[in-house]
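Position 1 is the first residue of the sequence, and the numbers go up from there.
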Amino acid sequence: MSASSIQQQFANQPVTAATVKAFHDACLAWSGWPKTMLEFAEADVWRWVATNHRNNCLLWDEEDLARRTRASDAEITANKRAIDGYNQARNDATERVDEFLLMSLGLIDPATAGGDQPVARVGADARLNSETAGSMMDRMSIMALKIKAMTAQTVRSDVDDAHRASSKLKLARLNEQRDDLGACLDRLLADSKAGRAYFKVYRQFKMYNDPRFNPVLVAEQAAARKQAQSAQQ
């Protein structure tokens, strides 16, 4: 499958467990992924589904590299910083998915959607779901990666039958978990559309990435300012 065929298949399609699952798998089967980003329109929720999935894939690769036992300290440091960046981008995309879905459902004030405190528009009897639809899709993205990796274990020729058999059992459980999660996603979206449920956009506020909040970075900045002042005297 090519980039253009994936884009044509999913552009402006409704978000369901089936379409999300198919999209994740199609991306993983495309040879250009995740190095190359798929291009969807700015107003298409799939732009952010793709962004989330791509950053999960890049994060997955960096996590593997960070566990090398023969890498230099500088290489591991670079892996860690890349992991922080991909993790932030992954969470930002998840929030954008939630914003798009809530606006399409009429459950959020559009004027507040991009702010720190989006205002929900829900009926008095609607239940608040503890997990957002975007976070479910984020988990499905990670499940797709696990399924791909475990599938590879089932066909390895350099391991014994016991390893392949064990991997097949694990693969079955992973597929079951993703299917169950997808069913929960469909139920939440259906209940939200019917006014029985809703979810909120929760800002993750990754403080370790923000030099204004990370106490170590704050201390570094203070020390740098003090050193600069001393040099000027």
Side-chain angles (χ1 to χ4, degrees), residues 24 27 32-103 108-120 130-146 149 199-233:
H24 288 160
C27 289
W33 187 263
K35 183 177 180 180
T36 304
M37 176 60 180
L38 293 168
E39 297 299 331
F40 290 96
E42 182 72 28
D44 192 342
V45 67
W46 290 99
R47 177 186 183 94
W48 301 104
V49 177
T51 301
N52 168 264
H53 190 41
R54 179 171 182 259
N55 280 284
N56 272 329
C57 294
L58 294 168
L59 180 61
W60 180 281
D61 291 340
E62 288 292 336
E63 292 280 10
D64 280 346
L65 290 171
R67 285 157 178 78
R68 290 173 293 173
T69 59
R70 298 182 180 180
S72 68
D73 291 345
E75 288 174 319
I76 300 303
T77 298
N79 292 144
K80 174 58 180 171
R81 289 179 177 170
I83 287 169
D84 286 347
Y86 293 140
N87 197 36
Q88 182 72 58
R90 157 208 173 200
N91 280 285
D92 290 346
T94 299
E95 292 173 357
R96 293 292 286 148
V97 170
D98 282 329
E99 290 170 2
F100 270 82
L101 293 177
L102 286 168
M103 284 191 289
I108 192 173
D109 179 358
T112 67
D116 286 348
Q117 294 181 314
V119 177
S130 62
E131 186 174 21
T132 73
S135 64
M136 289 181 178
M137 294 161 66
D138 175 60
R139 289 172 59 198
M140 290 178 70
S141 166
I142 297 169
M143 292 302 304
L145 280 159
K146 290 182 177 181
F199 52 96
K200 296 181 178 180
V201 178
Y202 291 109
R203 302 302 180 196
Q204 296 301 315
F205 302 118
K206 294 294 185 181
M207 297 174 69
Y208 60 80
N209 276 339
D210 194 327
R212 299 171 301 169
F213 295 105
N214 184 319
V216 175
L217 297 181
V218 170
E220 283 185 350
Q221 290 175 339
R225 286 194 299 268
K226 185 176 181 180
Q227 184 177 10
Q229 290 170 355
S230 297
Q232 292 173 356
Q233 294 175 352

Open item on the list: For N56 versus S141, what's the shortest heavy-atom pair and its separation?
Closed with: ND2-OG, 3.0 Å
Task: Closest non-hydrogen atom pair, V201 against P118 - done: CB-CG, 3.9 Å
- [ ] Would you give the length of the straight line joining atom OG1 of T51 to atom CG of L38, rounded to the nearest 0.5 angstrom?
- [x] 9.5 Å
Task: Pairs involving residues 66-77, ordered by first then second residue, that meet salt bridge (charged side-chain N to carboxylate O under 4.0 Å, His left out) (sequence neighbours left out) - done: E63-R67
Open item on the list: What verdict does the side-chain hydrogen bond (donor to acceptor under 3.5 Å, both in side chains) test give for D84 and Q88, after you've listed the backbone C-alpha separation in whole Å, the side-chain angles of each residue and the deciding distance to 0.1 Å?
Closed with: CA-CA 6 Å; D84 286 347; Q88 182 72 58; over 6 Å; no
Open item on the list: Run the salt bridge (charged side-chain N to carboxylate O under 4.0 Å, His left out) test against D109 and tell me which residues pass, sequence neighbours left out.
Closed with: R121
Open item on the list: So V49 and F40, do their side chains get closer than 4.5 Å, heavy atoms only?
Closed with: no
TODO: Sequence neighbours left out, what pairs pass ring-ring contact (aromatic ring centres under 6.0 Å, His included) with at least one residue falling in residues 53-78?
DONE: H24-H53, W33-H53
- [ ] Can you run down the salt bridge (charged side-chain N to carboxylate O under 4.0 Å, His left out) pairs that involve residues 36-54, sequence neighbours left out, and say none if there aren't any?
- [x] E42-R47
- [ ] Check side-chain contact (heavy atoms from CB on, under 4.5 Å) between F100 and all other residues, then give those that pass, not counting sequence neighbours.
- [x] V45, W48, R96
- [ ] Search all heavy atoms of I108 against all heavy atoms of E99 and return the closest pair with its distance.
- [x] CG2-O, 4.4 Å
TODO: Report the C-alpha distance between N52 and M137 in whole Å, list the side-chain angles of each, state the deciding distance to 0.1 Å, and finish with yes or no for side chain to side chain contact (heavy atoms under 4.5 Å, CB included).
DONE: CA-CA 9 Å; N52 168 264; M137 294 161 66; 5.7 Å; no
Task: Nearest-0.5 Å distance that lies between atom CE in M136 and atom OG1 in T94 - done: 13.0 Å
Task: L65 vs D61 side-chain heavy atoms within contact, under 4.5 Å - done: no
- [ ] May I ask you to test the T112-Q117 pair for a side-chain heavy-atom distance under 4.5 Å?
- [x] no
Task: Least distance between heavy atoms, D138 atom then R90 atom - done: OD2-NH2, 2.8 Å
Task: Residue list, side-chain contact (heavy atoms from CB on, under 4.5 Å) with A89, at least two apart or on another chain - done: N55
Open item on the list: How close do P34 and L58 get, counting heavy atoms only, and between which atoms?
Closed with: CG-CD2, 3.7 Å
TODO: Over all heavy atoms of both residues, which pair between E95 and Y202 is shortest? Give the atoms and the distance, please.
DONE: OE2-O, 3.0 Å
